[in-house]
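Okay, structure first, notes after.
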Amino acid sequence: MQRIRTDEAATRVGERVKLAGWMHNWRDMGQFGFLILRDGAGTFQAVLYKAEEMEKLKGLQYETVLQIEGVVAEEPRAPGGVELHDCQVTVISPVLEPLPFEINKKELKPGLDVFLDNAPVGLRHLRKRALFRISAEIMAGFREYLMQQGFVEIQTPKIVGSATESGANVFALDYFGRPAYLAQSPQFYKQIMVGVFERVFEIGPVFRAEKHNTARHTNEYVSLDIEMGFIQDHTDVMAMLTGVLRHIFNRLTQVCPRELELLKVKVPNIGQTIPALRLPDAQELIFKRYGEDCRGEPDLAPQHEEWLCEYAAQELGSELLFITHYPTSKRPFYAMPDDEDPTLTKSFDLLFRGCEVVTGGQRIHRYEQLLENARKWGINPEDIAGYLQAFKFGMPPHGGFGMGLERLLMQLTGLKNLREATLFPRDLTRVAP
RNA sequence: GGGGGCGUGGUGCAGCGGCCUAGCAUACCUCCCUGUCAAGGAGGAGAUCGCGGGUUCGAAUCCCGUCGCUCCCGCCA
């Protein structure tokens, strides 16, 4: 008999089927017992009422891998209205040691450190699984929408020869005796690829060697990147991002309503546009509304971002907020200066429920201007010759953004620590598991 | 790089100078139970209170050091 998964079993009432999975729970009622079997699709209740079948579970711990053959029966008292009767159990992989902590309860109890140390088994918890299912659908939605919009997916190297953008915060490695680095961003490559496809996107890891130790930083994360050519200005990129997010959120509500329900996630509504504030205006607003004077500062502090989001939620009815026109001094050399005020750039951040989740903007596309800026930023043009070549031979006005997958997931699901939104987080002290 | 907080059975917590022979929940072991769904009931085992030093008649509890974890700021997604 072919093994089927638990979601399919529900549609086979009256048939004898073969299921296989993990012993998620076992409730021994004396003369019979309920075995909750968990597989990749979900959970399913099997009722064991033969002593010889119940005997097979003796001495086995939760998470033992089992195969169960039985008849699918409608039963209003069963979770989901169906259960397995007349069961025959086969033990596939016995587990003899108790779990480090309970993973079959509603809530996951252990603290972050204990959980992460035991992630291989902890991730089996239904809430954790739901979380990373949502993560998968965010990536799927991102990909799906961009392909509809004529973007081409690319994969760019994660081992790079020069520590380009800011120089300091990269991991150095020994590349056959020569220095090389882990890419802190696909920035240069995706821009280069605008010269090929006009519109490109990439889902991939980026590495930051910063010794930051906060609830919203890790040293490796997944970046959802796009770059698009022939734009008017950064607002075209913002509009594309708005479409991407709207599509992702719509997709989530359609594809994984059960996961959203399990995690009590409220998916934000995105209207026609996401409200936007210029940085100086945002700072003025903070001064007036919250009394703190950060006017003239080149960037927002976390507290400011929370205030602005509170303002946006209360006054603009949006949980998302664009901040635009960051100063040239705070942005990379390739950021396009604003036409009216060249001390500002055509750039933006997207804040979501108090946290920065996206950074983007329009880039400089004229070779001479880019070269001059690189020099101004103290970058040796020879170090970025490959990047510059794309511009020497003609680049259109373009721009893009980078969105932190785990940041988006964290804010969407209301997690307090980015590590919880990361499958196997890498931070200052953790490189395993 | 700077600053806070916390380390108590497997896990999560309480206790914060003597009533602690360290308590509770859950997990684990034994038994009972024909409808559980965070199952329930009875019993049991399991901790030199992170480690080292000090104060005190007396330290899980106060002080110092140390290690580990965690959070905030800087930086960023």
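Any value given below was found using the heavy atoms of this structure, including those in side chains, with hydrogens, waters and symmetry copies removed. Order of the sequence lines sets the chain letters (A, B, ...), proteins ahead of strands, with each chain counted from 1.
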For A:M139, does the CE atom have more than 12 heavy-atom neighbours from other residues, nucleotides or ligands under 6.0 Å away?
-> yes

Could you say whether A:E306 or A:R331 is positioned toward the 5' end of RNA chain B, judged by the nucleotide with the nearest heavy atom to each?
-> A:E306

d([atom1], [X]; [atom2], [N]) in whole Å:
{"X": "A:E102", "N": "B:U11", "atom1": "CD", "atom2": "P", "answer": "10 Å"}
{"X": "A:L108", "N": "B:A38", "atom1": "CG", "atom2": "P", "answer": "16 Å"}
{"X": "A:N213", "N": "B:G1", "atom1": "CG", "atom2": "P", "answer": "12 Å"}
{"X": "A:D28", "N": "B:U30", "atom1": "CG", "atom2": "C1'", "answer": "12 Å"}
{"X": "A:N169", "N": "B:G1", "atom1": "CG", "atom2": "P", "answer": "15 Å"}

Does the base of [N] carry an N or O that pairs as donor and acceptor with the side chain of [X] under 3.5 Å?
{"X": "A:E107", "N": "B:G12", "answer": "no"}
{"X": "A:H212", "N": "B:C76", "answer": "no"}
{"X": "A:E97", "N": "B:G10", "answer": "no"}
{"X": "A:R407", "N": "B:C76", "answer": "yes"}

A:F201 and A:F142 aromatic ring geometry - parallel, tilted or perpendicular at 30°/60° bounds = perpendicular

Quote, to the nearest angstrom, the [atom1] distance that separates [N] from [M].
{"N": "B:U8", "M": "B:C20", "atom1": "C1'", "answer": "12 Å"}
{"N": "B:C64", "M": "B:U11", "atom1": "P", "answer": "28 Å"}
{"N": "B:G50", "M": "B:G12", "atom1": "P", "answer": "14 Å"}
{"N": "B:A38", "M": "B:U26", "atom1": "P", "answer": "14 Å"}
{"N": "B:G4", "M": "B:A14", "atom1": "C1'", "answer": "24 Å"}
{"N": "B:G41", "M": "B:C24", "atom1": "P", "answer": "15 Å"}
{"N": "B:C13", "M": "B:G17", "atom1": "C1'", "answer": "22 Å"}
{"N": "B:G43", "M": "B:U55", "atom1": "P", "answer": "46 Å"}

Taking the six-membered ring of A:Y326, is the NZ or CZ of A:R331 close enough (under 6.0 Å from the centre) and on axis enough (within 45°)?
-> yes

Stacking check A:F34 vs B:U36 (5.5 Å / 30 deg) = yes

Searching all strands shown, indicate the nucleotide that pairs with B:G17 (Watson-Crick or G-U wobble; both distances under 3.5 Å).
-> none

Considering Watson-Crick and G-U wobble pairs with both distances under 3.5 Å, what does B:C75 pair with?
-> none

Are A:Y49 and A:F32 an aromatic pair by the rule of ring centers under 6.0 Å?
-> no

